[in-house]
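Quick notes on the structure that follows.
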Amino acid sequence: MTKKEVAERLGVCETTVYNMTKDGRLHPFKVNGSTRYSLREVNSIINPSNDD
């Protein structure tokens, strides 16, 4: 997912996605020089599991 797609999915602005990356909540990776985010990781932020 691109930063824009992540922002839309989470309902936040792209700056918030940048800040989430900076503080370690998201872990981007490079694909052919483009920064991408894992759909699984984004979904885990939306629906965190309760492993208590």
Side-chain angles (χ1 to χ4, degrees):
M1 300 180 75
T2 65
K3 185 189 296 185
K4 182 177 180 178
E5 291 170 333
V6 172
E8 289 173 358
R9 184 138 181 127
L10 295 176
V12 298
C13 67
E14 291 183 45
T15 302
T16 302
V17 175
Y18 170 79
N19 290 333
M20 292 173 79
T21 301
K22 192 173 176 183
D23 70 17
R25 287 183 277 171
L26 288 172
H27 303 91
F29 54 92
K30 295 283 186 176
V31 176
N32 294 327
S34 297
T35 302
R36 298 289 189 236
Y37 295 85
S38 165
L39 177 61
R40 180 177 289 170
E41 188 173 47
V42 173
N43 284 338
S44 73
I45 290 171
I46 296 169
N47 297 313
S49 61
N50 293 327
D51 295 333
D52 294 11

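We number each residue from 1, following the sequence as shown.
Contact annotation: the side chain of Tyr37 never approaches that of Thr2 to less than 4.5 Å [non-hydrogen atoms, C-beta and beyond]. Counting only heavy atoms from C-beta outward, the side chains of Thr15 and Asn19 approach each other to under 4.5 Å. Between Val42 and Glu5 there is no side-chain heavy-atom pair separated by less than 4.5 Å. Contact annotation: the side chain of Met20 never approaches that of Val6 to less than 4.5 Å [non-hydrogen atoms, C-beta and beyond]. The closest side-chain heavy-atom distance from Thr16 to Leu10 is not below 4.5 Å.
With hydrogens and angles ignored, the 3.5 Å screen pairs no side-chain donor or acceptor of Glu14 with any backbone N or O of Ala7.
Cluster membership check: Val17 shares its hydrophobic cluster with Ile46, using side-chain heavy-atom separations under 4.5 Å among Ile, Leu, Val, Met, Phe, Trp and Tyr. Tyr18 and Leu26 fall into different hydrophobic clusters, where Ile, Leu, Val, Met, Phe, Trp and Tyr side chains are chained together by heavy-atom contacts under 4.5 Å.
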Next on the checklist: Apply side-chain contact (heavy atoms from CB on, under 4.5 Å) to residues Arg9 and Met1 and explain how you reach the verdict.
Outcome noted: CA-CA 10 Å; Arg9 184 138 181 127; Met1 300 180 75; 3.8 Å; yes
Item to check | Residue pair Thr35, Lys3: steps toward the side chain to side chain donor-acceptor pair (under 3.5 Å) verdict | outcome: CA-CA 8 Å; Thr35 302; Lys3 185 189 296 185; over 6 Å; no
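In plain terms, the two heavy atoms of Arg25 and Glu41 that are nearest each other are O-OE2, 3.9 Å.
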